[in-house]
**Student:** 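Handing you a structure now.
Just so it is clear: chains get the letters A, B, ... in the order the sequence lines come, proteins before strands, and each one is counted from 1. All values below were derived from every heavy atom in this structure, side-chain atoms included, with hydrogens, water molecules and symmetry-related copies excluded.
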Protein chains: 2
Amino acid sequence: MGIFSKSCEYGLRAVVYVADASAEGRKVGVKEVAEEIDSPVHFLAKILQNLSKQGILSSSKGPGGGFFIEKSALNLSLAKVVEAIDGRSLFEGCAMGLKKCSAKKPCPLHDDFGMIRSKITKMLESQTIGDFRDNLLKVDYFLDT
Amino acid sequence: MGIFSKSCEYGLRAVVYVADASAEGRKVGVKEVAEEIDSPVHFLAKILQNLSKQGILSSSKGPGGGFFIEKSALNLSLAKVVEAIDGRSLFEGCAMGLKKCSAKKPCPLHDDFGMIRSKITKMLESQTIGDFRDNLLKVDYFLDT
DNA sequence: AAAATAAAGGATATACTTGTCTTTTATTGA
DNA sequence: TCAATAAAAGACAAGTATATCCTTTATTTT
Ligand code: FES
Ligand code: FES
């Protein structure tokens with residue numbers, strides 16, 4: 001597995017896609033999102049429901065309904081998205097699996113890994129969902145394949 | 001989960017421990033290693049067997065036997081250990097789960113993540129098992145708790 | 001009110017990871 | 001040769017992540 005779980009990979013891709021649709025004033029259904037980001041429909045549904053429950057995405061039922069993102073939520077960082085799905089282990093856990101990462105009882109990778117972890121954290125915390133979506137406009141990024 | 005699988009966390013901890021024992025000319029049994037690095041015995045056995053098969057650790061059966069590491073293997077990088085257990089996905093995979101990470105069809109995290117991935121790679125490739133073990137002598141590192 | 005739409009929720013299935021247990025094989029030493 | 005030791009190998013169990021399906025609830029449109 002990569003650095004994120006599969007759920008989280010789908011979640012991040014979906015958030016960008018929904019944000020992009022919302023910028024055009026469009027609500028999107030699970031099916032459409034799943035097709036566009038190439039993910040299993042029902043599995044993605046759970047993920048989107050979770051993100052809604054956690055206030056990152058919004059949704060409305062019924063005809064014309066679907067998922068969208070509030071203006072205010074565009075200011076949420078990608079870290080919030082990751083945390084909502086994968087929890088905080090990526091930001092806090094020990095690289096070598098010690099129960100707790102600490103400078104008092106460091107594992108042999110602690111120093112090296114500390115820098116890497118802070119870069120990961122920075123990448124995710126310094127970038128908002130809005131920024132993320134804006135980038136789509138500048139360069140051609142891909143969410144499927 | 002953290003950046004490595006549980007198997008890999010155990011594997012890295014075990015490799016340091018075995019290397020340390022080997023430096024003292026001692027072969028160690030699975031049971032001892034498992035206790036010292038706080039891991040499930042039988043599960044660790046599989047991991048050590050795998051590392052042996054891949055030529056990273058060595059082993060001998062029978063009384064006085066156990067796991068040890070050849071001088072030459074001390075020059076192997078930590079990346080080799082990780083690769084032997086978790087494969088190359090950490091070094092090659094796309095952060096957002098696209099089938100292939102490439103600059104031609106980049107995901108929105110491609111640029112940021114590229115730097116992080118190369119730092120991870122560097123951390124693991126620039127450090128040999130021998131270096132890793134030597135560090136143990138300088139500072140007090142922990143492999144359990 | 002009825003029909004259609006779409007998310008929410010729950011139950012279940014599949015796959016993979018992690019963990020345990022037992023048997024077999026090789027080696028050593030008595 | 002026999003007993004003891006320790007890794008190797010294989011079968012199995014539990015746990016978690018991933019994936020699918022079906023029913024319920026809320027909303028809109030007719
Ligand atoms: S103790 Fe292992 S990364 Fe901090
Ligand atoms: S394409 Fe996603 S990290 Fe390179």
**Student:** How many Å lie between CG on B:Asn50 and P on C:dT18, as a whole number?
**Tutor:** 13 Å

**Student:** Choose from D:dA19, C:dT20, C:dA7 the nucleotide whose nearest atom is closest to any side-chain atom of A:Val30.
**Tutor:** C:dA7

**Student:** Please state whether the base of D:dT25 and the side chain of A:Lys61 form at least one donor-acceptor pair under 3.5 Å?
**Tutor:** yes

**Student:** Expressed as a whole number of angstroms, how long is the span from A:Ile47:CD1 to D:dT18:C1'?
**Tutor:** 9 Å

**Student:** Figure out the NZ/P separation between A:Lys31 and C:dA6, and round it to whole Å.
**Tutor:** 9 Å

**Student:** Can a side chain N or O of B:Ser60 be found less than 4.0 Å away from OP1 or OP2 on D:dA6?
**Tutor:** no

**Student:** Report yes or no: is there a donor-acceptor pair, N or O only, under 3.5 Å between the side chain of B:Lys6 and the base of C:dG19?
**Tutor:** no

**Student:** Roughly how far, to the nearest 0.5 Å, is the OG atom of B:Ser89 from the CD atom of B:Glu83?
**Tutor:** 10.0 Å

**Student:** Measure the distance from NZ on B:Lys53 to C1' on D:dA8 and round it to the nearest whole Å.
**Tutor:** 8 Å

**Student:** What is the separation between atom CG on B:Leu48 and atom C1' on D:dA9, rounded to the nearest whole Å?
**Tutor:** 15 Å

**Student:** Examine distances only and state if a side-chain atom of B:Arg117 and a backbone atom of B:Leu90 form a donor-acceptor pair shorter than 3.5 Å.
**Tutor:** no

**Student:** If you pin A:Ser5 and B:Gly65 to their nearest nucleotides in DNA chain D, which one's is more 5'?
**Tutor:** B:Gly65

**Student:** Look at A:Tyr10 and D:dT18 and indicate whether a side-chain polar atom (N or O) is within less than 4.0 Å of OP1 or OP2.
**Tutor:** no

**Student:** Rounding to an integer number of Å, can you tell me how far A:His42 NE2 sits from C:dG10 P?
**Tutor:** 17 Å

**Student:** How close or far is atom C1' of C:dT20 from atom CG of B:Leu44, stated in whole angstroms?
**Tutor:** 13 Å

**Student:** Would you say the side-chain atoms of A:Thr128 and A:Asn75 include a donor-acceptor pair closer than 3.5 Å?
**Tutor:** no

**Student:** Do any N or O atoms from the side chain of A:Arg133 and from the backbone of A:Ala23 form a donor-acceptor pair under 3.5 angstrom?
**Tutor:** no

**Student:** Side chain of B:Phe43, heavy atoms from C-beta onward: which of C:dG19, C:dG10, C:dA7 has the nearest atom to it?
**Tutor:** C:dG19

**Student:** Choosing from C:dT28, C:dT20, C:dA8, which nucleotide comes nearest the side chain of B:Pro63?
**Tutor:** C:dT28

**Student:** Checking side chain to side chain contact (heavy atoms under 4.5 Å, CB included) between B:Ile85 and each of B:Val15, B:Ile47, B:Leu12, which is the one that passes?
**Tutor:** B:Ile47

**Student:** Provide, to the nearest angstrom, the distance between the NZ atom belonging to A:Lys27 and the C1' atom belonging to D:dA26.
**Tutor:** 13 Å

**Student:** Does B:Ser7 put a side-chain nitrogen or oxygen below 4.0 Å from OP1 or OP2 of C:dT17?
**Tutor:** no

**Student:** Please compare A:Ser59 and A:Gly62 by the position of their nearest nucleotide in DNA chain C and report the one closer to 5'.
**Tutor:** A:Gly62

